[in-house]
Peer 1: 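My questions all concern the structure below.
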Amino acid sequence: MDRYLVFGHPVRHSKSPFIHTLFARQTQQELEYGLAEPSVDEFAQALRTFFDQGGKGCNVTVPFKEQAFTLVDRLSPRAKRAGAVNTIKLTDDGVLLGDNTDGAGLVADLKSHGVTLADNRILLLGAGGAARGALAPLLAELPSELVIANRTHTKAQQLAAEFHDLGPVTAQTYEQLAGPFDLVINSTSASLQGELPPLAPALIHTDIAIYDMMYGASDTAFISWAKQHGARQTMDGLGMLVEQAAEAFTVWRGIRPGTKQVLRELKRNLGVI
């Protein structure tokens, strides 16, 4: 039976085995999917060993995405742009192909919620790996403007300069931000600590769409804050998790699984519904 893994540290909390098991059942694909939690120093060897022992593909999560970028034989265009790899496939000719499905997962989830990206003004909070992975797919949707805001402004400037060839992307400090924005995406990990990015409440209005890449059994701190200030459409990153997994499954198996039922099952598993 074909074997797949998710590499991370920590990773025992991962919902990837649950998601991919449902995908396999739905598409009648015979595979098994497990967890691997090597230390940072052991990741490269663990990855090699997995594929030497017959592994077919893997997902890669924190803190190994940048390291995986340097360990594969070939990179997809979107992985090159993201500077990180979250999906690896062993091709039929024995090549380790590194891909990045995070941004595609984000865009797919936004569209599933009816969010319009074309000709709209988007604010992206954060300038780390999550923001980097999202930029090319977001700009491919032709927004009127994409503004990056980050606590360390120079990082936002560097990121905007790097992706400027793909569309109208600029960097602003939190103090410089002026609305209206149609969509705000929080790519920072602040919600994991129950913290908030320093966004002015005046930027929130009733018609804005709010997206937090983090998720939990209840609203994240950012979503709760946005609701308190009038946002009516709020979304967390659970759908993105499922959509990027579906994209990875498609890379591995050549068949696209459906995501709606799997997302419902995942929410039930987490106690969200």
Peer 1: Report yes if some heavy atom in the side chain of Ser191 is under 4.5 Å from a heavy atom in the side chain of Asn186; otherwise report no.
Peer 2: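 SC-SC contact between Ser191 and Asn186 confirmed.
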Peer 1: Among Glu32, Arg253, Lys56, His20, which residue meets the side-chain hydrogen bond (donor to acceptor under 3.5 Å, both in side chains) test with Tyr4?
Peer 2: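 Among Glu32, Arg253, Lys56, His20, the one meeting side-chain hydrogen bond (donor to acceptor under 3.5 Å, both in side chains) with Tyr4 is Arg253.
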Peer 1: Write down the atom of Gly133, the atom of Pro137, and the distance for their closest heavy-atom approach.
Peer 2: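 Looks like O-CD, 3.5 Å.
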Peer 1: Any chance the side chains of Gln45 and Thr49 put a donor and an acceptor closer than 3.5 Å?
Peer 2: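 Their side chains do contain a donor-acceptor pair, which is all the 3.5 Å distance test asks for.
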Peer 1: With a 4.5 Å heavy-atom cut-off, do Leu96 and Leu90 have their side chains touching?
Peer 2: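 Leu96 reaches Leu90 side chain to side chain.
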Peer 1: Indicate yes or no: at least one non-hydrogen side-chain atom of Pro143 is less than 4.5 angstrom from one of Leu138.
Peer 2: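 Pro143 does not reach Leu138 side chain to side chain.
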Peer 1: Would you call Glu247 and Arg78 a salt bridge, taking side-chain N to carboxylate O under 4.0 Å as the test?
Peer 2: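 Yes, Glu247 and Arg78 are salt-bridged.
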Peer 1: Are there over 12 heavy-atom neighbours, none belonging to His205, within less than 6.0 Å of that residue's NE2?
Peer 2: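 Enclosed: over 12 neighbouring heavy atoms sit under 6.0 Å from NE2 of His205.
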Peer 1: Does some side-chain heavy atom of Asn150 sit less than 4.5 Å from a side-chain heavy atom of Leu159?
Peer 2: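 No, their side chains stay 4.5 Å or more apart.
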Peer 1: Say you draw a straight line from CD1 of Ile255 to OG1 of Thr27; how long is it, rounded to the nearest 0.5 Å?
Peer 2: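 Going from CD1 on Ile255 over to OG1 on Thr27, the span is 5.0 Å.
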Peer 1: Checking side chain to side chain contact (heavy atoms under 4.5 Å, CB included) for the pair Thr234/Phe222: CA distance, chi angles, key distance, verdict?
Peer 2: CA-CA 10 Å; Thr234 59; Phe222 183 64; over 6 Å; no
Peer 1: Is a side-chain donor-acceptor pair under 3.5 Å present for Ser39 with Asp41?
Peer 2: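 No, no side-chain donor-acceptor pair sits under 3.5 Å.
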Peer 1: Does either side chain, that of Gln158 or that of Glu162, offer a donor lying less than 3.5 Å from an acceptor on the other one?
Peer 2: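 Not at all, the side chains of Gln158 and Glu162 share no donor-acceptor pair under 3.5 Å.
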Peer 1: Please check if atom NZ in Lys15 has more than 12 non-hydrogen atoms from other residues, nucleotides or ligands closer than 6.0 Å.
Peer 2: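 Yes, NZ of Lys15 has more than 12 neighbouring heavy atoms, counting only those of other groups under 6.0 Å.
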Peer 1: Does Asp92 have more than 12 heavy atoms from other residues, nucleotides or ligands lying within 6.0 Å of its CG?
Peer 2: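 No - once you tally the heavy atoms of other residues, nucleotides and ligands closer than 6.0 Å, there are 12 at most.
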Peer 1: Establish, from distance only, whether the side-chain atoms of Asn59 and Ser16 form a donor-acceptor pair under 3.5 Å.
Peer 2: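 No - no donor-acceptor pair under 3.5 Å links their side chains.
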Peer 1: Within a radius of less than 6.0 Å around CD of Gln28, do more than 12 heavy atoms belonging to other residues, nucleotides or ligands occur?
Peer 2: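 Result for CD/Gln28: open.
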Peer 1: Is there a donor-acceptor contact under 3.5 Å linking the side chains of Asn100 and Ser76?
Peer 2: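 Checked: Asn100/Ser76 side chains show no N/O donor-acceptor pair below 3.5 Å.
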Peer 1: Answer yes when Glu42 and Arg48 have at least one side-chain N-carboxylate O distance shorter than 4.0 Å, and no when they do not.
Peer 2: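 So Glu42 does not pair with Arg48 through a salt bridge.
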Peer 1: Please test Gln67 against Leu47 for side chain to side chain contact (heavy atoms under 4.5 Å, CB included), starting from the C-alpha separation and ending with a verdict.
Peer 2: CA-CA 11 Å; Gln67 197 175 345; Leu47 186 69; over 6 Å; no
Peer 1: Please find the pair of heavy atoms, one from Tyr33 and one from Pro17, that lie closest to each other, and give the distance.
Peer 2: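 In terms of heavy atoms, the two residues are closest at CD2-CA, 3.4 Å.
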Peer 1: Give a yes or no on whether the ring-centroid distance for Phe7 and Phe64 is below 6.0 angstrom.
Peer 2: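 No; Phe64 has its ring centre 6.0 Å or more from that of Phe7.
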Peer 1: Show the numbers, then the answer: is there a side chain to side chain contact (heavy atoms under 4.5 Å, CB included) between Val184 and Leu203?
Peer 2: CA-CA 9 Å; Val184 178; Leu203 292 173; over 6 Å; no
Peer 1: Below 4.5 Å, heavy atoms only, C-beta onward: do Met240 and Tyr215 meet side chain to side chain?
Peer 2: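 Contact flag for Met240/Tyr215 side chains = no.
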Peer 1: side-chain contact (heavy atoms from CB on, under 4.5 Å) with Ser112: which of Leu110, Val115, Asp109?
Peer 2: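 That would be Asp109.
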Peer 1: Sequence neighbours excluded, which residues qualify as salt bridge (charged side-chain N to carboxylate O under 4.0 Å, His left out) partners of Asp73?
Peer 2: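 Salt bridge (charged side-chain N to carboxylate O under 4.0 Å, His left out) list for Asp73, sorted by chain: empty.
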Peer 1: Any side-chain donor-acceptor pair under 3.5 Å between Thr87 and Asp99?
Peer 2: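 No, no side-chain donor-acceptor contact under 3.5 Å.
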